Visitor: 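One structure coming up, written as structure tokens, with questions to follow.
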Amino acid sequence: MINPRTFIRALDKHWEVIEHLMLTLGEQSTWESKTLLTLMKRFDTKDSADERLQQLVNTEILVKLPRSDDYELNSIVRDFVSQLLNEHQLGLSGIIKERVAEIKTALEALHLAMQTNDTAALIRGVSGIDKQLREITKQLQHDAHAIADIVERAKTADNQMPLARRYQEVLETYERYIVPMTELMDTGASGKFYPLLEQTETVLNALSEQLATQGALINHQLGLRVLNSRVKELQRIGRETLTNSSATITPLRDEYRRHNNLSTAVARLLGEIRKRGLKYTFADSDLPLWRKEQPRRITVDDSLKDFIAQVRDYQPKTVAFPELIDDGETAQQEWLDEATIEQSLLNSLPITDLMHWLIENYGQYQDASLIKLYHRLIRLPTVLAVHQNELTRHELKHHAIQLYSHSLTAHEPRP
């Protein structure tokens with residue numbers, strides 16, 4: 001079980017790593033230890049990558065999968081961090097229907113408790129209704145953010161993508177969420193959400209009057225007032241959420257439907273024209289005036305005649321290119337004994353500044369050769385190259401360069 005204080009401290013200490021994992025959660029849900037260690041090396045901390053990984057595992061932020069070396073984020077961490085980052089997934093409308101059914105059952109139990117004057121049952125019923133109302137409010141707020149993200153992804157997708165593929169998530173959201181929620185929150189007789197809230201408000205008012213008459217505790221009366229306010233607030237949130245979500249997602253759905261109908265009509269007409277011809281597909285009266293047979297006369301403009309005359313008299317100009325002059329400064333590609341240099345490098349490990357070591361031992365080579373050696377040596381599988389934090393300047397034969405040089409240490413590759 002996660003210790004709350006340890007969990008909060010670990011979140012603060014490793015927030016950069018956890019935030020990066022949450023942002024890539026849509027692409028992959030599990031990570032190998034090698035990938036996690038590489039990610040942790042990107043963030044400058046006092047602890048090593050292995051120590052940070054072990055700390056995340058010890059605090060149960062990362063959970064190791066059974067019969068595997070992969071890790072995944074703890075579900076509690078994902079829910080908590082997703083709320084902090086305002087990253088939400090669209091919930092199911094069926095869950096809200098189930099919670100509405102639970103509220104209806106709790107109301108029946110509450111009404112029975114009122115008739116039998118069972119105070120304990122009254123308190124349990126009020127507490128259960130309050131919990132369901134808070135969960136419905138929370139899901140509606142999450143769904144509003146999730147729908148906004150879905151619409152934003154559809155609008156920012158590649159314009160060259162087919163519209164059916166680009167708006168696929170929008171259409172699925174409309175069918176699986178907007179339509180059932182519209183039926184559930186219908187204010188008429190067929191709706192279940194608002195009539196139930198009105199019934200809940202009526203029962204709570206009657207219960208509040210009964211408790212006031214009987215002289216109940218002030219805490220019970222205060223809880224009923226808070227619950228009554230929550231019911232009214234949920235009515236407002238439900239109405240605004242459904243209205244805003246429909247207004248956000250319906251224009252994209254209508255755009256797809258208009259485009260789909262137009263594409264179908266155009267494709268059908270083009271198919272008939274290809275099979276039968278334009279004249280047999282449309283009557284003469286239906287064709288635009290410019291499509292009818294009309295005599296045409298083609299003439300050549302005088303400017304075109306002048307241009308053709310100039311082309312006929314065109315004489316190419318002879319351009320004399322200068323001869324190649326050897327100024328003695330052109331550097332010839334020199335031969336490097338790379339195997340010997342690599343062995344010398346391994347014998348000299350550890351090296352705090354690779355470029356300084358190359359200049360000191362192989363300064364007779366050309367500038368391009370030294371830079372080529374530098375990039376080759378930092379990629380050797382038997383060495384571990386780490387960037388230095390300070391910018392250094394080095395004088396080569398003909399040039400001076402500034403770079404964050406690498407320090408090299410021995411590294412044995414894993415089998």
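Being a predicted model, the structure only gives us computed values, none of them experimental. These values consider heavy atoms only, across backbone and side chains, with no hydrogens, waters or symmetry-generated copies.
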Visitor: Would you mind telling me which of T6, L21, L73 makes a side-chain contact (heavy atoms from CB on, under 4.5 Å) with I61?
Guide: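 Per the side-chain contact (heavy atoms from CB on, under 4.5 Å) rule, the option paired with I61 is L73, out of T6, L21, L73.
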
Visitor: Do I237 and L140 have side-chain heavy atoms sitting under 4.5 Å apart?
Guide: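 They are in side-chain contact.
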
Visitor: Can you establish whether the number of heavy atoms outside F307 located under 6.0 Å from its atom CZ is more than 12?
Guide: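 Not buried by this count: 12 neighbours or fewer within 6.0 Å.
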
Visitor: Rounded to the nearest 0.5 Å, what's the gap from NE2 on H375 to CG on L370? Could you check?
Guide: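 Reported to 0.5 Å precision, the distance equals 11.5 Å.
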
Visitor: First locate atom CG of L346, then atom CG of L380, and finally report the distance between them rounded to the nearest 0.5 Å.
Guide: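 The CG atom of L346 sits 7.0 Å away from the CG atom of L380.
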
Visitor: With a 4.5 Å heavy-atom cut-off, do E342 and R376 have their side chains touching?
Guide: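 A side-chain contact exists here, since the closest heavy-atom pair is under 4.5 Å.
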
Visitor: Any chance CD of E32 has more than 12 other-residue heavy atoms, nucleotides or ligands included, within less than 6.0 Å?
Guide: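 Not more than 12 within 6.0 Å, no.
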
Visitor: Is it the case that the side chains of K13 and Q55 hold a donor-acceptor pair, with the cut-off being a distance below 3.5 Å and no angle test?
Guide: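 Checked: Q55/K13 side chains pair up, N/O donor to acceptor below 3.5 Å.
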
Visitor: Would you tell me whether D50 and Q54 have side-chain atoms, one donor and one acceptor, within less than 3.5 Å of each other?
Guide: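 No, no side-chain donor-acceptor pair sits under 3.5 Å.
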
Visitor: Using modelled atom types and a 3.5 Å cut-off, is there a donor and acceptor pairing between side-chain atoms of Q141 and backbone atoms of K138?
Guide: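 No; zero donor-acceptor contacts below 3.5 Å.
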
Visitor: Side chains of E72 and L65, heavy atoms from C-beta outward: is any pair under 4.5 Å?
Guide: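 Answer yes - side chains close enough.
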
Visitor: Counting neighbours of CZ on R312 that are heavy atoms of other residues, nucleotides or ligands and sit closer than 6.0 Å, is the number greater than 12?
Guide: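 No.
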
Visitor: Below 4.5 Å, heavy atoms only, C-beta onward: do H14 and L56 meet side chain to side chain?
Guide: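 Result yes, sub-4.5 Å side-chain heavy-atom pair found.
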
Visitor: I need the W15 CH2 to L11 CG distance, nearest 0.5 Å.
Guide: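 With rounding to 0.5 Å, CH2 (W15) is 6.5 Å from CG (L11).
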
Visitor: Is R236 paired with E240 through a side-chain N to carboxylate O contact shorter than 4.0 Å?
Guide: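 Counted as a salt bridge, because a side-chain N and a carboxylate O are separated by less than 4.0 Å.
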
Visitor: Has the side chain of T38 got a donor or acceptor atom that lies under 3.5 Å from a matching backbone atom of K34?
Guide: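 Yes: the side chain of T38 pairs with the backbone of K34.
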
Visitor: S405 versus W357: any side-chain heavy-atom pair under 4.5 Å?
Guide: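 They are not in side-chain contact.
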
Visitor: Tell me whether T392 contacts the main-chain N or O of L403 through its side chain, where contact means a donor paired with an acceptor under 3.5 Å.
Guide: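 Looks like yes, one N/O pair under 3.5 Å.
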
Visitor: For D367 and H399, test the side chains for any donor-to-acceptor distance below 3.5 angstrom and give the result as yes or no.
Guide: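 D367 vs H399: donor-acceptor pair found between side chains.
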
Visitor: Using 4.0 Å as the upper bound for N to carboxylate O, is an ion pair formed by K305 and D301?
Guide: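 Salt bridge flag = no for K305 with D301.
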
Visitor: Looking only at non-hydrogen atoms, find the nearest pair between I401 and M355 and report the distance.
Guide: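 Answer, listing the atom of I401 first, then M355: CD1-CE, 3.8 Å.
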
Visitor: Does any non-hydrogen side-chain atom of V386 lie less than 4.5 Å from one of L384?
Guide: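 When only atoms from C-beta onward are counted, V386 and L384 do touch, with a gap below 4.5 Å.
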
Visitor: Looking at every heavy atom in both A10 and I18, which two are closest together, and how far apart are they?
Guide: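 Closest pair (atom of A10, atom of I18, distance): O-CD1, 4.4 Å.
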
Visitor: Can you check whether I359 reaches H356 side chain to side chain, under 4.5 Å on heavy atoms?
Guide: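 Side chain of I359 against side chain of H356, heavy atoms only: no contact under 4.5 Å found.
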
Visitor: Check for a donor-acceptor pair, side chain of S348 on one end and backbone N or O of S344 on the other, with a separation under 3.5 Å.
Guide: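 Indeed, once roles are kept as given, a pair shorter than 3.5 Å links the two residues.
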
Visitor: Using modelled atom types only, decide if a donor and an acceptor are shared between the side chain of Y71 and the backbone of L53 within a distance under 3.5 Å.
Guide: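 Not at all, since once roles are kept as given, no pair shorter than 3.5 Å links the two residues.
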
Visitor: Is the shortest heavy-atom distance from the side chain of L133 to the side chain of I103 under 4.5 Å?
Guide: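 A side-chain contact under 4.5 Å exists here.
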
Visitor: Any ion pair linking K397 and E395 (charged N to carboxylate O, less than 4.0 Å)?
Guide: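 Looking at E395 and K397, the cut-off is not met.
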
